[in-house]
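We're numbering straight along the sequence, starting at 1.
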Amino acid sequence: MTRAIDCLVNVHFGETERQPSWMVKVRDDYFKGPDSMFAPVELSGLLDEMDAQGVSKAILMDNLASPSVTARKFVEARPDRFALALGGVNLLRPIPSLRELAAAAANLPVAYAVVGPSFWGDGQYPPSDAVYYPLYTKCAELELPLCVNTGLPGPPIPGEVQNPIHLDRVCVRFPELKLCMIHGADPWWDIAIRLLIKYDNLRLMTSAWSPKRLPDSLLHYMRTRGRGKVIYASDWPVLKMSRVVPEALALDLPPDVLENYLYANANDFFFGTREN
């Protein structure tokens, strides 16, 4: 029986009547998505899709600066099925934001913090920049995983700061930090794989990537040295669970590797438990 944890789900899109122009461009030009991508989400409908695909838990994107009413409502209604991913830390004035992050992590089911280097500060601060160090320190202190966008972003914004090579220095300086690259690593997959081999505390999440589009080099790594390192996610509704879970099941992966990818690696890394 299929079981999965979907580690990146967006339920907040429908809270905004008018999406930023770059979001519309990503939907229309990059993902060729339907207008319904930005529609409000019903709890029952999301649970139905999760149940149909064997998704036992979903991590919902949220933001300290502008909390998602929908995400918080879903977590309150079904804490057994949902957890939160918190972004929105003000890295230029970090102390108040980090206090908020610590309070949220103490009072809410927060699975990880998240930051996208291309999406703030005009894309001028790579993750190796010291401006991130307070966030790294706080997440390490809280034993809270941190997810960092890697790979060229879909919107027309600077992308070099999301080259995973910038995490090399971070992993050296913060070995206690549980760190995960998200949204794949295109076109720098080989760098990402080399870093995964090199650092015990680093993972990679394939959110926003159709499993059938994953490179052969990553699938080979998953079958061999990377059995515990790669984590599934959809980026729903950008990619529906009803699409990506069947595509994952069709990959040429041994059953234990597929189980790790869809469920066990996330269960271990984000929720601190691994089932034998």
Side-chain angles (χ1 to χ4, degrees), residues 4-10 57-63 83-89 91 101 105 109-119 126-128 132-133 135-153 161-186 188-189 191-209 211 214 218 221-222 225-236 244 248 260-274:
I5 296 173
D6 196 325
C7 295
L8 203 161
V9 170
N10 303 282
K57 188 181 286 285
I59 301 176
L60 310 179
M61 296 299 291
D62 197 5
N63 191 289
L84 296 174
L86 281 177
V89 172
L91 300 180
L101 178 64
V110 179
Y112 61 82
V114 61
V115 65
S118 286
F119 291 85
S128 55
Y132 292 84
Y133 284 16
L135 176 61
Y136 297 155
T137 301
K138 179 57 66 176
C139 286
E141 288 177 351
L142 297 174
E143 298 184 343
L144 180 67
L146 176 65
C147 290
V148 179
N149 287 35
T150 47
L152 286 176
V161 291
Q162 294 192 173
N163 186 328
I165 194 60
H166 295 298
L167 297 176
D168 186 41
R169 196 175 299 272
V170 177
C171 290
V172 169
R173 292 178 173 170
F174 296 88
E176 303 86 357
L177 176 63
K178 297 177 71 173
L179 192 62
C180 183
M181 300 174 278
I182 61 174
H183 295 338
D186 190 70
W188 303 296
W189 293 104
I191 294 174
I193 291 167
R194 186 65 187 87
L195 292 174
L196 289 166
I197 293 171
K198 188 176 179 182
Y199 296 112
D200 290 339
N201 60 322
L202 186 62
R203 302 292 186 275
L204 182 141
M205 185 191 299
T206 62
S207 48
W209 273 85
L214 294 174
L218 183 69
Y221 173 69
M222 291 166 68
R225 300 179 68 175
R227 290 171 177 259
K229 288 296 197 106
V230 182
I231 294 171
Y232 156 80
S234 65
D235 201 20
W236 189 97
V244 290
N260 282 358
Y261 172 52
L262 286 174
Y263 181 86
N265 291 343
N267 199 40
D268 178 41
F269 194 71
F270 293 123
F271 300 104
T273 55
R274 176 176 287 277

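- In terms of heavy-atom proximity, Pro211 sits nearest to Val244 at CG-O, 3.4 Å.
- Proximity of a side-chain donor or acceptor of Gln162 to a complementary backbone N or O of Gly151 within less than 3.5 Å is detected.
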Note to self: Please determine whether side chain to side chain contact (heavy atoms under 4.5 Å, CB included) holds for the pair Tyr199 and Asp168, giving the CA-CA distance in whole Å, both sets of side-chain angles, and the decisive distance to 0.1 Å.
What the structure shows: CA-CA 9 Å; Tyr199 296 112; Asp168 186 41; 2.5 Å; yes
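- Heavy-atom minimum distance, Ile182 versus Cys147: CG2-CB, 3.5 Å.
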Next item on the list: Check the pair Trp188, Leu152 against side chain to side chain contact (heavy atoms under 4.5 Å, CB included), reporting the backbone distance first and the verdict last.
Entry: CA-CA 9 Å; Trp188 303 296; Leu152 286 176; 3.7 Å; yes
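- In this structure the side chain of Met181 reaches within 4.5 angstrom of the side chain of Leu202, judged on heavy atoms.
- Looking at Asn10, its side chain does come within 3.5 Å of a backbone N or O of Trp236 through a donor-acceptor pair.
- Counting heavy atoms from C-beta on, the side chains of Leu8 and His183 come closer than 4.5 Å.
- Counting only heavy atoms from C-beta outward, the side chains of Thr206 and Val230 approach each other to under 4.5 Å.
- Residues Pro145 and Ala111 share a closest heavy-atom pair of CD-O, 3.5 Å.
- Note that CG of Asp6 and OH of Tyr263 are 13.5 Å apart. Values are rounded to the nearest 0.5 Å.
- Atom NE2 of His166 is separated from atom CG of Asn163 by 5.0 Å, given to the nearest 0.5 angstrom.
- The backbone N or O of Ala208 lies less than 3.5 Å from no partner atom in the side chain of Ser234, so there is not a single donor-acceptor pair.
- Using a 4.5 Å heavy-atom cutoff, the side chains of Tyr132 and Val170 are not in contact.
- Taken from NZ in Lys198 to SG in Cys171, the straight-line distance is 8.5 Å, to the nearest 0.5 Å.
- The minimum heavy-atom distance between Gly184 and Thr150, with the atom names listed, is O-OG1, 2.6 Å.
- Side chain of Lys178 to main chain of Phe269: a donor-acceptor pair is present (N/O by atom type, distance under 3.5 Å, no hydrogens or angles).
- Atoms CG and CH2, from Leu204 and Trp189 in turn, are 6.0 Å apart once rounded to the nearest 0.5 Å.
- For the atom pair CG (Leu177) and CG (Leu146), the distance works out to 5.5 Å, reported to the nearest 0.5 Å.
- The side-chain heavy atoms of Asp62 and Val110, taken from C-beta on, include no pair separated by under 4.5 Å.
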Next item on the list: Test Leu135 against Leu101 for side chain to side chain contact (heavy atoms under 4.5 Å, CB included), laying out the working first.
Entry: CA-CA 10 Å; Leu135 176 61; Leu101 178 64; 4.1 Å; yes
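- Side chains of Asp235 and Trp209 form no contact here, defined as non-hydrogen atoms less than 4.5 Å apart.
- Ile59 and Tyr112 get closest at one heavy-atom pair: CG2-CE2, 3.7 Å.
- Between Asn265 and Tyr232, the side chains place no donor N or O within less than 3.5 Å of an acceptor N or O (distance only, hydrogens not considered).
- For the residue pair Met222 and Arg227, the shortest heavy atom distance occurs at O-CG, 3.3 Å.
- Between Tyr136 and Tyr133, the ring planes lie tilted relative to each other; the angle falls in the 30° to 60° range.
- A cation-pi contact, defined as under 6.0 Å to the ring centre and within 45° of the axis, is absent between Lys229 and Tyr221.
- Within a 6.0 Å radius of CD in Glu141, more than 12 heavy atoms belonging to other residues, nucleotides or ligands are found.
- Taken from CG in Leu218 to CG in Asp186, the straight-line distance is 11.0 Å, to the nearest 0.5 Å.
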Note to self: Checking Phe270 against Cys7 for the side chain to side chain contact (heavy atoms under 4.5 Å, CB included) test, could you report, in this order, the C-alpha distance in whole Å, the side-chain angles of both residues, the deciding distance, and whether it holds?
What the structure shows: CA-CA 9 Å; Phe270 293 123; Cys7 295; 3.8 Å; yes
